[in-house]
Amino acid sequence: MYLEIQQAVRERFVQAVRQLFGIELAEPVLGYPPSSRLGELSIASCFELARALRQSPRQIAEQLAPRLVPLDGIERVSVAGAGYLNFHLDRALLAQAVFRHRASETGEGRSRAAEGISAGAESAEAAARAAKILVEHTSINPNKAAHIGHLRNAVLGDTFARLLRYRGRPVEVQNYIDNTGVQVADVVVGFIHLEKKSLAEVRRLIDDPSLRFDYYCWDLYARVFQWYDGHPESLAWRAAALKDIEEGRGEPAAVAEAVSTAIVRLHLATMRRLNIDYDLLVRESEILRLNFWSRAFELLKSRGALRYEDAGKNRGCWVMSLAGNGRSPGEETAADSGPGEEEAEEDIKIIVRSNGTVTYVGKDIAYHLWKFGLLGEDFGYEPFHTCPDGHVIWRTAVEDRRDGRAPAFGRASAAYVVIDTRQAYLQGVVAAALRALGYSAQADNLHHFAYQVVNLSLRAAADLGMEVTEEDRVRDYVEVSGRKGSGVKADDLIDLLMRRARDEVQARAMTEDRAEQEASAGQIAVAALRYFLLKYTRRSIITFDFQEALAFEGETGPYLQYSVVRARNIFRKFRDAHPEFSEARPLEVPLEQLRTFLSGESGGDFWELVLGSAQLEMIVEQAIAGEEPATVAKYAFRLAQAFNNFYHRHRILAEPDAARQRFLLFVVDIVSRTLARSLELLGIEVPERM
RNA sequence: GCGCCUGUAGCUCAGUUGGAUAGAGCGGCAGACUUCGAAUCUGUAGGUCGGGGGUUCGAAUCCCUCCAGGCGCGCCA
């Protein structure tokens, strides 16, 4: 409703300007007046028109105002300040529309709210919206436990996927598993050479319930690097293991397979604690076994995207030229300093090494060609894990085991890749490859969803018993390092949050039921963590601090949950006193009464909440366009704040006027549903009691 | 050297893509629980939006320049 009104306002304005002045304007950006007393939407375009029309902005606005009404959802238009056109919404109508809309939303966890896509959507726009969007996130090397940085990635990706689904876009979530890379090889070296363990012994470790295998590997990985430091010659072990793993041969390959699969299962379990889920695990081993690279290589060569170097320092390599990637043109033309040797300055990337093996980016190019259905090859698939709700996580396989109705993977129209910002250069290479192949539309639709890293505060590092160097002290943070085994393990952090939440829940003695206490503590811990990771914008470096991450007050997930619980408590109590009141029968408040209460003495307080609730869809669209989940987190917090304020100022259960009480309940209902829905989009559940 | 990102209150960060009086949390100070449970709320102090130019009716936001920091640029992944 709100989005529709905005669109109607924009269109009407363009139309009015055309009719009155014969000028064709682009649709104006809508602003927001400083106070809702002045209206809810504003257009500042009259300032721009002033020059062309040789009239004051105020005059122009006054001429246009009468032509902008009547308009559905708009009560009136006013001119303010030096020439702002302000639109006053029909409060009662909007309240009713929001209420009906929220009440009709199902709230099913996995349901793909298909609003916006009607069965036979015909317009090109609708078709574009119905095209599948792929979100790749998590993609942790399967060689050790997940840490806090991985959580930021997964929470961002999961939330973004939820936002897309809420707005009706079909989404496929992929998690890329680099099970044949050096990181896995290093752990394999640890098992085989340092610990002298056989495959059977490694398997026993995996199956041993008394130890956490991913934690074990975390330590082993650090030990391997310590060993390399003292024994550089043993790097040959790594090279040999890597080769065996890539070719799928011998004991190292078998150990790698066992280790990486076990760790992936543990990663998935960790992520499930945070309500994070996937559709498909794409494994690098299949990219190798199914020769995806050969196919991509053929494509790249046949379209001239790669060049063979038969001289120079890159002799024997296949390289890709990254034209236009930096280098000012002026500099290039001024290069009269002699021919020949300056050629080496050309910005190129080696894709195939002189020994014939492909680099990491090469495999990534093949993967991304497949994502867009451009490779002409497909994986086999097999079910990997069935979630409690019945959802199946698939993984790639050499042999296809999709019997019956098979999910169709890949062939996306757009892809979002959640990887930290340091990978920007390589993401650029992949996009450049798509362009070089003539797929510029796909290159445009390949979005690097870049986010900043998570560091540790000095205090956190001290809490973890890490050594802090003078350099760290100057910078005021400590970098995490898998090689050193430093960092905050994801499950440790979640456990710590659980303990904190359990203490709080028990201290408040809301219920004697242990199961409910456990459930609440879990939901609160997850809320604190997810909100903590989502409230910062992507480009903001998070300096992790236990005190901040463990906070349950102020701008936190639990604060948001608490707001919803409070709202629901009102209904709980009200139902106790009014058994005839039922959830099934929606609250009906006549339009006339809505009008009275929303414009009355406290009308502003109520209207703020209704208006805020009406903006969820718009905010989600903004978050999608800006690729910024924090937008939704901030929005939910503002709405919760407004609600808590309202909660203190107005007594609902004690309200003597029955009609007014009904209206207040109506407002509470709108807000609590909107907040609960916002939290669901952030992957946060609301406990029964708090 | 080249490229990308960042600089806003004591601290941590928002700022609706160029609009009206720059906001929030934390921390400080002063208050509000016999109430729909205070994981809450109210008030208050705190700003040359890194500096300087420019564009514009209008700039935290766009351009130039300088300063300070971070990251990337490998026949590693």
Side-chain angles (χ1 to χ4, degrees), chain A residues 29-35 38 42-44 47-48 50-51 56-57 80-84 86 141 178 180-183 185 242 284 313-319 322 325-328 331 345 347 349-355 357 359-361 363-364 420-426 428 450 452-453 475 501 504-505 507-508 510 524 535-537 539-543 545 547-548 551-556 558-559 561-563 565-574 615 618-619 622 625-626 630-631 633-635 637-638 641 644-645 647-655 664 668 689-690:
Chain A
V29 173
L30 293 183
Y32 306 87
S35 148
L38 292 170
S42 80
I43 292 180
F47 294 100
E48 301 170 47
R51 179 189 295 252
S56 77
Y84 291 97
N86 289 341
N141 278 306
D178 183 2
T180 56
V182 280
Q183 296 230 23
L242 186 59
E284 187 163 274
K313 64 173 181 177
N314 296 323
R315 184 188 170 138
C317 297
W318 286 88
V319 304
L322 302 173
N325 248 16
R327 303 234 16 192
S328 64
E331 201 178 8
E345 287 301 310
D347 197 0
K349 178 72 193 164
I350 291 168
I351 306 296
V352 178
R353 304 183 187 103
S354 55
N355 68 3
T357 58
T359 58
Y360 165 74
V361 219
K363 285 179 268 191
D364 222 25
D420 76 71
T421 180
R422 292 174 302 191
Q423 305 270 359
Y425 170 71
L426 292 173
Q452 266 292 2
V453 294
R475 280 189 308 207
E504 294 288 330
V505 167
R508 278 157 232 263
M510 230 68 77
I524 290 166
K535 72 173 173 179
Y536 299 97
T537 51
R539 283 184 226 295
S540 173
I541 295 175
I542 296 181
T543 300
D545 187 84
Q547 200 166 308
E548 283 172 38
F552 292 164
E553 290 166 16
E555 194 192 343
T556 65
Y559 173 92
Q561 293 175 309
Y562 185 62
S563 311
V565 169
R566 278 180 141 182
R568 289 182 178 169
N569 278 346
I570 296 174
F571 277 94
R572 195 200 306 271
K573 290 261 170 148
F574 185 77
Q615 290 169 334
M618 175 194 77
I619 293 287
Q622 256 172 37
T631 307
K634 292 281 177 191
Y635 159 82
F637 177 68
R638 279 198 312 272
Q641 237 180 353
N644 279 318
N645 185 307
Y647 181 91
H648 271 266
R649 275 215 279 253
H650 304 280
R651 291 279 95 91
I652 291 140
L653 294 181
E655 172 58 47
L664 291 172
V668 171
R689 281 181 272 245
M690 274 179 92

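Convention: sequence-line order gives letters A, B, ...; per-chain numbering from 1.
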[X] side chain N/O closer than 4.0 Å to the phosphate oxygens (OP1, OP2) of [N]?
X      : N     : answer
A:N569 : B:G37 : yes
A:Y425 : B:G72 : no
A:R353 : B:C76 : yes
A:R566 : B:A38 : yes
A:Q641 : B:G25 : yes
A:N645 : B:U42 : yes

Rounded distance in Å - [atom1] ([X]) to [atom2] ([N]):
X      : N     : atom1 : atom2 : value
A:D347 : B:G72 : CG    : P     : 17 Å
A:I570 : B:C36 : CD1   : C1'   : 5 Å
A:D545 : B:C11 : CG    : P     : 15 Å
A:R422 : B:C76 : CZ    : P     : 19 Å
A:Y536 : B:U6  : OH    : P     : 18 Å
A:Y559 : B:A39 : OH    : P     : 12 Å

Can you tell me if A:Y84 is stacked onto the base of B:A20, using a 5.5 Å centroid cut-off and an angle below 30°?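 Base of B:A20: stacked against A:Y84.
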Using the [atom1] atom on both, measure [N] against [M] and round to a whole Å.
N     : M     : atom1 : value
B:A30 : B:U34 : C1'   : 24 Å
B:G58 : B:U21 : C1'   : 15 Å
B:G50 : B:U44 : C1'   : 29 Å

Of the nucleotides B:U6, B:A39, B:U35, which one has an atom closest to the side chain of A:R539?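 Between B:U6, B:A39, B:U35, the one nearest the side chain of A:R539 would be B:U6.
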Please compare A:Q423 and A:Q622 by the position of their nearest nucleotide in RNA chain B and report the one closer to 5'.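 Comparing both residues, the 5'-ward one is A:Q622.
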Pairing partner (Watson-Crick or G-U wobble, both distances under 3.5 angstrom) of [N]:
N     : value
B:A22 : none
B:C71 : B:G3
B:C76 : none
B:C29 : B:G43

Would you indicate what A:Y647 reaches in the nucleic acid, counting non-hydrogen atoms under 4.0 angstrom: base, sugar-phosphate, or nothing?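 Base contact.
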Using the ring pair (Phe, Tyr, Trp, His ring centres under 6.0 Å) criterion, which residues pair with A:Y635? Sequence neighbours excluded.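 Result, ring pair (Phe, Tyr, Trp, His ring centres under 6.0 Å) vs A:Y635: none returned.
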Answer with yes or no whether the side chains of A:D178 and A:Y360 bring together a donor and an acceptor at under 3.5 Å.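 No, A:D178 and A:Y360 have no side-chain donor paired with an acceptor closer than 3.5 Å.
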